[in-house]
Amino acid sequence: MPDRQKDRPWLMRTYAGHSTAEASNELYRRNLAKGQTGLSVAFDLPTQTGYDPDHVLARGEVGRVGVPVSHLGDMRRLFQDIPLDRTNTSMTINATAMWLLALYQVVAEEQGADISRLQGTTQNDIVKEYLSRGTHVFPPAPSLRLTTDMITYAVNHIPRWNPINICSYHLQEAGATPVQEIAYAMSTAIAVLDAVFASGRIPEERKGDVVGRISFFVNAGVRFIEEMCKMRAFSRIWDRITQERYGIEDARQRRFRYGVQVNSLGLTEAQPENNVQRIVLEMLAVTLSKDARARAVQLPAWNEALGLPRPWDQQWSLRIQQVLAHESDLLEYADIFEGSHVIEAKVADLVTESFAEIDRIDAMGGVMAAVESGYLKSRLVSSHAERRARIESGEEKIVGVNCYESTEPSPLTADLDTAIMTVDPANEARVVAALQSWRVNREESRATDALTALKKAAAGTDNLMAATLECARAGVTTGEWSWALRDVFGEFRAPTGVSGAPVAVSAEAGTALAAVREKVARTAEELTPAGGAPGGAGRLRLLVGKPGLDGHSNGAEQIAVRARDAGFEVVYQGIRLTPEQIVSAALAEDVHCVGLSILSGSHAALVPEVLARLREAGAGDIPVIVGGIIPNADAEELRAAGVAAVFTPKDFGITEIIGRIVDEIRTANKLDPWEVPA
């Protein structure tokens, strides 16, 4: 073996957390024992969106996509027997990032740790929540204040902590092109740094310390040459912005520091074993190039399109990283792409196009203005619609989905119900009971005083971190902290981007969309009574609803856009609705069908409630369809409960789905079957 000095491997993480703090703690300790070198905490949706487990919107969501952390006691149990001063922890948390960092710091103090030695990251990127993930709480201005307060506090008190992890990961999942992913992330970084330096809390000589702690979290898709070039472009653009705009002279502080999870969007339910090679190719995009190598990597599991991965599935993903780092010679060489004319040309194009988009956003008043105007969201919805159209036409090939679909039976999925992990439905009741016990046993007057002080600080200009730390120590809950700030800041509903999205699929004569348009129009005519109102009143009406806290709205938006293009009148009010609100809207709009989109696993609790409320209102004949990551057994139960149709990731043809929705409307209204294929 040649005697070459090997680079140190990147941090190896697994994005994990579920059910309870105790169960997640056990999982973390097992993963660390298997050679994982950092933790990546997945919080459940109530924690991410600032609700306690007993809130109405938390129903069905507790412990589903992550661990519930409602107060200091939960955080203690989450990290029990894990020394935080010797652990690098990433926390995927945004709207409530300040609260979770405060809890983490207090637990570290209780362990006897020197907080100045804490290492890790809080994601804390609210812009991408408005655009793609949907766990935002507060309006843009106060959200930016929370971010600014966290950064200035961390630089002064937890100097080795990354207080923000600007996240373009979900932008790609929402349809962003490489140029959009770069430009939107960089525009977010500019907005954050401008706000931090305008706060007056950072002296001129410490600006480099702030820039040096800004980190990024990116997505790597299967087009790994393009993705690797994207990372090199990211690095060059960040170096130029930090030097020219902010005057940072130290090249180490200008370094583009990023972690990555490779693309979960590209994982398929059909032939899911193919996901393993997709994951490997995507990992190579962020590890092959030494000059643009990730500092931390976490890989999804092969079965994430089916449901929650088991510990064994997560171990498989960890072993993929370990084989590359320790068995291959990857870490023994300088950058193997240096001097490549092909790579240099692609990187140069990405840099030029990205700066053009950054300038366009800057001319609008910056990224916050571009969020509030709806520009960024509409561009993402449009890009996603164009990608979906390429897949449906076969122009973009997905092996096992729209080509090479024949397959041998897979031993991995022979029993689908055991191929994923399930969360005990009784878990939610246990978590709620523990929360109520916590409230009873805390010092109530101290909690009340802490919340009063938090509101006062929020109404003024003080850094909110001090008041938040006292809330953590006083036993305040996640929901109480968030509601105190909601009372001062208000809440925000982000633009959906649906109305401004252009038509992405051809509807010329002979196309599938033209056939569905005819079916929609003819069905509307058959349902409109003689002498009915003219114009739009005679159109089919579809309500697209997002019950619960699941903010992954990409699929719902694409259904809404395609249904609109097929001639439906679409009612889509965005995310985070209760079953009661959805049913009220269905009745008020007199819709012909209700479509529910849920990816968080809460379908078993929320869909039956929608069905029950429709029946109670005398509207049980309105067909309800459901889409999401839904295991086979759950799909059968939903159909038995009265759901007309269930769609999962394997149903990639959106035009076909719209046609099937019309079929369900015709069946519900006792119209003859339509024979023209969708």
Side-chain angles (χ1 to χ4, degrees), residues 125-136 140 167-185 187-188 219 221 263-266 357 360-361 364 367-393 395-396 492-507 513 542-546 550-577 595-599 627-628 647 649 651-655 657-658 661:
D125 175 3
I126 204 63
V127 171
K128 63 93 177 176
E129 298 300 323
Y130 299 135
L131 297 178
S132 55
R133 180 60 186 84
T135 67
H136 54 275
C167 179
S168 66
Y169 175 88
H170 293 93
L171 300 182
Q172 186 181 120
E173 294 215 327
T177 64
V179 167
Q180 290 171 331
E181 190 178 342
I182 295 168
Y184 298 175
S187 295
T188 298
N219 200 331
N263 192 355
S264 294
L265 178 68
E357 183 67 4
R360 191 174 297 114
I361 293 168
M364 296 177 184
V367 74
M368 291 302 188
V371 166
E372 292 181 299
S373 71
Y375 168 77
L376 296 184
K377 183 65 175 179
S378 66
R379 293 299 304 140
L380 288 176
V381 172
S382 299
S383 294
H384 198 189
E386 290 165 5
R387 178 179 183 270
R388 293 294 308 216
R390 291 195 301 272
I391 293 172
E392 290 178 63
S393 70
E395 177 186 349
E396 185 170 325
F492 184 72
R493 292 194 69 81
T496 67
V498 168
S499 60
V503 175
V505 176
S506 171
L513 185 57
L542 170 67
L543 184 147
V544 177
K546 290 285 296 176
D550 172 33
H552 281 106
S553 58
N554 304 330
E557 290 156 2
Q558 294 307 310
I559 291 291
V561 168
R562 193 68 57 82
R564 177 206 67 185
D565 296 345
F568 272 92
E569 179 181 335
V570 178
V571 180
Y572 178 56
Q573 299 171 327
I575 62 173
R576 216 176 299 170
L577 301 171
L596 304 178
S597 170
I598 305 176
L599 282 80
F647 299 99
D651 301 298
F652 71 94
I654 300 181
T655 300
I657 290 173
I658 302 303
I661 290 173

Residue pair Ile658 / Phe568, side-chain heavy-atom distance below 4.5 Å: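 A side-chain contact exists here, since the closest heavy-atom pair is under 4.5 Å.
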Note, His384 side chain near Glu557 side chain (heavy atom, < 4.5 Å):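 Counting from C-beta outward, His384 and Glu557 never come under 4.5 Å.
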Write down the atom of [X], the atom of [Y], and the distance for their closest heavy-atom approach.
X: Ala563; Y: Leu542; answer: CB-CD2, 3.8 Å
X: Gly175; Y: Gln180; answer: O-OE1, 4.0 Å
X: Asp651; Y: Ile657; answer: O-CD1, 3.4 Å
X: Ala176; Y: Glu181; answer: CB-N, 4.0 Å
X: Lys377; Y: Ser553; answer: NZ-OG, 3.8 Å

Test side-chain contact (heavy atoms from CB on, under 4.5 Å) applied to Tyr184 and Ile361, step by step: CA-CA 8 Å; Tyr184 298 175; Ile361 293 168; 3.6 Å; yes
Intermediate values then yes/no, side-chain contact (heavy atoms from CB on, under 4.5 Å), Ile575 and Asp550: CA-CA 7 Å; Ile575 62 173; Asp550 172 33; over 6 Å; no
Side chains of Ser132 and Tyr169, donor plus acceptor under 3.5 Å: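 The criterion, which ignores hydrogens and geometry beyond distance, is not satisfied for Tyr169 and Ser132.
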Donor-acceptor side-chain pairing of Asn554 and Glu173 below 3.5 angstrom: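 On atom types as modelled, these side chains do not qualify, holding no pair under 3.5 Å.
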Distance (rounded to the nearest 0.5 Å) between [X] [atom1] and [Y] [atom2]:
X: Asp125; Y: His136; atom1: CG; atom2: NE2; answer: 13.0 Å
X: Leu376; Y: Tyr130; atom1: CG; atom2: OH; answer: 12.5 Å
X: Leu131; Y: Ser168; atom1: CG; atom2: OG; answer: 11.5 Å
X: Gln558; Y: Arg388; atom1: CD; atom2: CZ; answer: 7.0 Å
X: Lys128; Y: His170; atom1: NZ; atom2: NE2; answer: 4.5 Å
X: Leu513; Y: Ile654; atom1: CG; atom2: CD1; answer: 11.0 Å

side-chain contact (heavy atoms from CB on, under 4.5 Å) between Val561 and Val381, worked out: CA-CA 9 Å; Val561 168; Val381 172; 3.9 Å; yes
Side-chain ion pair, Arg564 and Glu569, N-O less than 4.0 Å: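 Here Arg564 does not pair with Glu569 in a salt bridge, since their nearest N and O are not under 4.0 Å apart.
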Electrostatic pair Glu392:Arg562 at N-O distance under 4.0 angstrom: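 Arg562 and Glu392: salt-bridged.
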Verdict with supporting geometry, Leu543 and Tyr572, side-chain contact (heavy atoms from CB on, under 4.5 Å): CA-CA 6 Å; Leu543 184 147; Tyr572 178 56; over 6 Å; no
Side-chain (Ser383) to main-chain (Leu380) donor-acceptor, under 3.5 angstrom: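 No, Ser383 side chain to Leu380 backbone: no donor-acceptor pair under 3.5 Å.
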